[in-house]
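Heads up: the structure comes next, in structure tokens.
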2 protein chains.
Amino acid sequence: MGRPGPDTSRAWQLLVKFFFAQRSHLPSSCGGEDVEQLSPAQCHVLHLIEPDRPLPMSRLAETLSCDRSNVTGLVDRLESRGLIQRRTSASDRRVKVLQLTREGSRLRAHLLKRMTGRSLPLSRLSLDQQRTLVTILEALVGEKER
Amino acid sequence: MGRPGPDTSRAWQLLVKFFFAQRSHLPSSCGGEDVEQLSPAQCHVLHLIEPDRPLPMSRLAETLSCDRSNVTGLVDRLESRGLIQRRTSASDRRVKVLQLTREGSRLRAHLLKRMTGRSLPLSRLSLDQQRTLVTILEALVGEKER
DNA sequence: TATTGTTATACTCTATAACTATA
DNA sequence: TATAGTTATAGAGTATAACAATA
């Protein structure tokens with residue numbers, strides 16, 4: 001619906017810059033009280049798996065837009081930490097669905113909570129700006145409601 | 001200036017999701033006519049080095065918020081492709097400054113141009129939204145003017 | 001002594017290609 | 001034949017620790 005303009009390039013540049021600058025601070029540094037120290041990718045996966053909502057590995061690969069073999073490794077590491085579990089789907093024995101363990105669910109909630117904290121630079125924005133940002137990003141990601 | 005709210009967490013989640021979804025598409029897939037196929041990190045570094053504006057490696061490490069040893073590797077790879085050059089600073093012989101080669105400068109311009117193209121999802125936003133996004137991101141990154 | 005950059009090491013992330021098991 | 005997931009392999013990204021050169 002829009003047109004490419006000078007702001008297009010500028011926005012992307014800033015987006016990348018922001019992401020690179022923040023990725024090391026959060027949400028990976030979720031360690032703290034928890035022993036675990038998850039990588040950004042692992043944290044991201046943990047976010048994408050919602051409690052009581054089994055997620056096929058193929059869907060995860062799509063969302064991450066990465067190769068399926070990559071997902072195997074990510075899941076291996078998260079599973080070895082006891083955060084998620086693989087389960088063979090009943091309807092199609094080829095697919096494996098992922099679900100959070102109790103520990104995984106706990107850590108995920110902890111992450112979400114932490115992301116809302118004051119330390120997050122995003123909280124420096126006014127509420128109006130935050131709302132606007134969410135609207136824009138939803139349009140970008142192609143999510144309507146969630 | 002703001003307060004943590006439900007949108008804070010939501011915004012970050014979307015930001016991460018968007019970045020993960022896009023990182024493989026651009027601007028790394030800048031190959032095309034060029035033989036090179038740069039990684040996202042390498043593209044990012046290329047952006048950060050402006051033509052005729054030598055950048056100390058330590059500054060680059062700060063901007064990327066990563067370890068200095070990491071920068072060594074990134075620069076090694078970009079230098080071996082002939083895109084940038086290391087030069088020992090005259091004022092302080094410990095520091096090395098980076099500058100684009102002619103080829104690097106050309107490729108950087110190509111990247112910037114490509115980012116403005118229609119293919120970029122960001123260009124789906126209205127001009128107003130793009131402008132708003134830039135404003136918000138500038139606040140986040142802590143950049144006033146450029 | 002402190003700082004800049006490098007090297008050595010180890011682990012994670014990522015893609016490609018070949019494979020297994022299901023469908 | 002096609003699809004979901006795995007394995008093997010290779011390269012890139014990242015951090016820690018020890019080191020050299022310079023300040």
Side-chain angles (χ1 to χ4, degrees), chain A residues 16 19-31 36-46 48 54-81 83-98, chain B residues 16 19-31 36-46 48 54-81 83-98:
Chain A
V16 174
F19 190 80
F20 266 84
Q22 292 308 319
R23 73 174 154 28
S24 56
H25 302 151
L26 40 97
S28 52
S29 62
C30 61
E36 1 266 352
Q37 186 77 2
L38 301 183
S39 73
Q42 285 170 23
C43 280
H44 187 41
V45 170
L46 210 58
L48 293 174
L55 181 71
M57 291 180 67
S58 51
R59 277 266 295 146
L60 185 52
E62 275 173 34
T63 306
L64 297 174
S65 37
C66 73
D67 193 83
R68 291 190 303 280
S69 64
N70 190 16
V71 171
T72 296
L74 285 169
V75 168
D76 279 349
R77 287 180 282 274
L78 285 171
E79 196 173 35
S80 75
R81 282 174 190 260
L83 300 176
I84 64 177
Q85 267 185 335
R86 273 180 249 235
R87 221 193 49 205
T88 301
S89 165
S91 53
D92 186 338
R93 296 175 50 73
R94 286 176 304 181
V95 349
K96 288 181 187 166
V97 295
L98 306 173
Chain B
V16 173
F19 190 81
F20 266 84
Q22 292 309 319
R23 71 173 154 31
S24 55
H25 303 152
L26 40 97
S28 52
S29 61
C30 59
E36 1 265 353
Q37 185 78 4
L38 301 183
S39 73
Q42 285 171 21
C43 279
H44 187 41
V45 170
L46 211 59
L48 294 175
L55 181 71
M57 291 181 67
S58 52
R59 276 266 294 145
L60 185 52
E62 276 173 33
T63 305
L64 297 173
S65 36
C66 73
D67 193 83
R68 291 190 302 281
S69 64
N70 190 15
V71 171
T72 297
L74 285 168
V75 168
D76 279 349
R77 287 181 281 273
L78 284 171
E79 196 173 33
S80 74
R81 283 175 191 259
L83 299 176
I84 63 176
Q85 267 185 334
R86 272 181 249 236
R87 221 193 49 204
T88 300
S89 165
S91 53
D92 186 338
R93 295 176 50 74
R94 287 176 306 181
V95 347
K96 288 180 186 166
V97 295
L98 306 173

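Quick caveat, the model's predicted, so the values are computed rather than measured. Residue numbers start from 1 in every chain, and the chains themselves are labelled A, B, ... in the order their sequence lines are given, proteins ahead of strands.
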In whole angstroms, the gap separating P of C/dT4 from CG of B/L60 amounts to 14 Å
### Task
May I ask you to test the A/L38-A/R81 pair for a side-chain heavy-atom distance under 4.5 Å?
yes
Taking only nitrogen or oxygen atoms into account, show me every contact under 3.5 Å that the protein makes with nucleotides 19-23 of chain C, one pair per line with its distance.
from	atom 1	to	atom 2	distance (Å)
C/dA23	OP1	A/R93	N	3.0

Here the distance between atom C1' of D/dA15 and atom CG of B/L64, to the nearest Å, is 14 Å
A/V45 and A/L64, any side-chain heavy atoms less than 4.5 Å apart: yes
Minimal heavy-atom distance between A/P56 and A/P54, with the atoms involved, is CD-O, 3.9 Å
In whole angstroms, the gap separating P of D/dG5 from CG of A/L74 amounts to 14 Å
Paired with A/V75, the side chain to side chain contact (heavy atoms under 4.5 Å, CB included) test is passed by just one of A/N70, A/I84, A/L83, namely A/I84
Expected rows: protein N/O vs nucleotides 6-8 of chain D N/O, under 3.5 Å:
from	atom 1	to	atom 2	distance (Å)
D/dT6	OP1	A/R86	NH1	2.5
D/dT6	OP2	A/T72	OG1	2.8
D/dT6	OP2	A/R86	NH1	3.1

B/M57 side chain near B/T72 side chain, heavy-atom distance below 4.5 Å: yes
In whole angstroms, the gap separating P of C/dG5 from CD of B/E79 amounts to 13 Å
Sequence neighbours excluded, the answer for side-chain hydrogen bond (donor to acceptor under 3.5 Å, both in side chains) partners of B/R68 is none
So CG of A/L74 and OG of A/S69: to nearest 0.5 Å the spacing works out to 10.0 Å
From CG of B/L38 across to P of C/dA15 the rounded distance in Å is 16 Å
Atom CD of A/Q42 and atom C1' of D/dT14 are separated, to the nearest Å, by 13 Å
task = Flag yes if more than 12 heavy atoms outside B/R86 fall under 6.0 Å of its CZ atom; otherwise flag no.
result = yes
